[in-house]
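Notes to accompany the following structure.
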Amino acid sequence: MDQLKPDSAVSATPTHRAAALSVHVFTALGAGVALLAMLEAVREHWTAMFWWLGVALIIDGIDGPLARWLDVVHVQPDWSGDVLDLVVDFTTYVFVPAYAITASGMLLPLAAPVIGVGIAVTGALYFADRRMKSDDNHFRGFPGLWNIAAFYLFLLHPTPLLGTLGLAILIALTFVPFHVIHPVRVERLRWLTLPLVALWGVLVIDALGKNFAVGPIVTALLCAIGLYIVASDSAIRLLRSLKA
């Protein structure tokens with residue numbers, strides 16, 4: 001027996017259904033953008049790769065609100081937006097950056113493929129983990145943002161040993177139960193987080209526009225904002241435990 005369609009799907013106008021389907025197409029466009037980023041990575045056009053990954057990041061930031069606004073989950077129930085989003089996010093957040101990190105030449109030669117495989121495997125496991133987000137919208141563990149980790153690798157250009165160790169630590173932190181704030185959905189300190197994220201975006205554009213040849217002030221600001229996103233919740237919890 002066929003499953004009945006939700007009432008919202010039956011009552012939706014053709015225009016509404018077409019608009020809802022277009023959101024899925026828009027999300028899937030991120031996979032095409034990932035391919036373009038990969039082509040630039042294979043050519044070692046790293047800055048161009050990051051520009052395309054930035055486009056994918058914008059798509060990922062827009063499609064969710066659009067889907068909720070158009071009630072896509074009910075109007076187009078035959079397609080799973082959650083699954084589609086995870087598939088596209090894995091390619092842009094994990095797979096392409098894993099290749100870039102491995103092929104960058106900035107890691108210890110023998111360790112580079114091990115790090116790349118570690119990123120791909122743990123990233124896949126993380127995206128399948130139903131505990132990846134807490135009830136208050138924090139990410140649990142390092143949230144598989146390997147596109148961002150790759151950006152900082154190219155920005156800071158550490159020694160091969162430090163770069164390899166740093167990435168190995170991030171791989172291990174994938175399964176450590178600390179909380180990382182979601183820049184948009186976490187309500188606590190949103191008044192501070194959103195302006196910092198906006199500033200971070202401007203600084204990233206500046207860094208890419210200059211092919212990472214930015215001064216120490218821009219580099220320090222980018223690192224400080226990144227540290228705030230990753231460690232601020234843990235710092236707040238530590239302070240509260242000390243006061244208790």
Side-chain angles (χ1 to χ4, degrees), residues 23-66 84-107 112 115-124 126-127 132 139 142-158 163 166-167 170-171 174 180-184 196-214 218-219 221-223 225-227 229-230:
V23 176
H24 285 316
V25 175
F26 181 65
T27 301
L29 181 63
V33 171
L35 176 61
L36 295 176
M38 190 70 164
L39 291 173
E40 296 295 353
V42 170
R43 300 184 184 106
E44 297 188 358
H45 298 167
W46 305 118
T47 300
M49 179 201 71
F50 281 112
W51 281 120
W52 283 119
L53 290 179
V55 173
L57 194 63
I58 293 171
I59 292 173
D60 186 44
I62 294 175
D63 64 354
L66 280 176
L84 177 61
D85 193 57
L86 286 175
V87 169
V88 174
D89 284 354
F90 179 76
T91 60
T92 57
Y93 284 79
V94 178
F95 196 79
V96 174
Y99 172 82
I101 289 169
T102 304
S104 67
M106 286 190 274
L107 306 183
I115 292 293
V117 170
I119 290 171
V121 172
T122 59
Y126 186 84
F127 273 65
M132 68 184 292
F139 293 107
F142 176 70
L145 296 176
W146 292 105
N147 51 346
I148 307 301
F151 171 81
Y152 279 100
L153 178 68
F154 281 80
L155 174 70
L156 300 175
H157 215 291
L167 291 167
L170 289 181
I171 290 172
T174 300
V180 176
I181 63 173
H182 189 294
V184 177
L196 286 178
V197 170
L199 175 61
W200 183 86
V202 171
L203 295 175
V204 167
I205 291 173
D206 180 55
L208 294 179
K210 296 177 180 176
N211 197 26
F212 295 100
V214 293
V218 172
T219 300
L221 285 173
L222 283 168
C223 291
I225 295 172
L227 185 62
I229 296 296
V230 172

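More than 12 heavy atoms of other residues, nucleotides or ligands shown are found within 6.0 angstrom of CH2 on Trp46. Counting heavy-atom neighbours within 6.0 Å of Phe95 CZ, excluding the residue itself, gives a total of 12 or less.
In this structure, the side chains of Val88 and Asp60 stay at 4.5 Å or more apart for every pair of heavy atoms. With contacts defined as side-chain heavy-atom distances shorter than 4.5 Å, the pair Val214/Leu155 qualifies.
Taken from OG in Ser104 to OH in Tyr99, the straight-line distance is 10.5 Å, to the nearest 0.5 Å. Here the CD1 atom belonging to Ile62 is positioned 10.0 Å from the CG atom belonging to Leu57, to the nearest 0.5 angstrom. In this structure, CG in Leu145 is found 9.5 Å from CG in Asp89, a value given to the nearest 0.5 Å. Between the CG atom in Leu156 and the CZ atom in Phe151 there is a gap of 8.5 Å [rounded to 0.5 Å]. Atom CG of Asp63 and atom CD1 of Ile58 lie 12.0 Å apart (nearest 0.5 Å). Considering CD1 of Ile119 and OH of Tyr93, their distance stands at 16.0 Å, rounded to 0.5 Å.
Taking the six-membered ring where the residue is Trp, the centroids of Phe212 and Phe50 are separated by under 6.0 Å.
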Under the side chain to side chain contact (heavy atoms under 4.5 Å, CB included) rule, what do Val180 and Ile229 come out as? Steps first, then yes or no, please. CA-CA 6 Å; Val180 176; Ile229 296 296; 4.2 Å; yes
Apply side chain to side chain contact (heavy atoms under 4.5 Å, CB included) to the pair Leu35 and Trp52, showing each step before the final yes or no. CA-CA 9 Å; Leu35 176 61; Trp52 283 119; over 6 Å; no
Side chain to side chain contact (heavy atoms under 4.5 Å, CB included), that's the test. Do Thr47 and Phe154 meet it? Break it down for me. CA-CA 9 Å; Thr47 300; Phe154 281 80; over 6 Å; no
Would you check, one step at a time, whether the test side chain to side chain contact (heavy atoms under 4.5 Å, CB included) holds for Thr92 with Asn147? CA-CA 7 Å; Thr92 57; Asn147 51 346; 5.9 Å; no
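The shortest non-hydrogen separation linking Leu153 to Gly163 is CD1-CA, 4.4 Å. Pro97 and Ala150 make their closest contact through CB-CB, 4.3 Å (heavy atoms, listed as atom of the first residue, atom of the second, distance). Taking both residues in full, the closest heavy atoms of Met49 and Ala41 are given as SD-CB, 3.6 Å, listed atom of the first, atom of the second, then distance. Scanning all heavy atoms of the two residues, the minimum distance from Ala34 to Val96 falls at O-CG2, 3.6 Å. Residue Ala37 comes nearest to Leu53 through the heavy atom pair CB-CD2, 3.9 Å, listed as atom of the first residue, atom of the second, then distance. Closest approach of Phe127 to Gly144, counting heavy atoms only: CE1-O, 4.5 Å.
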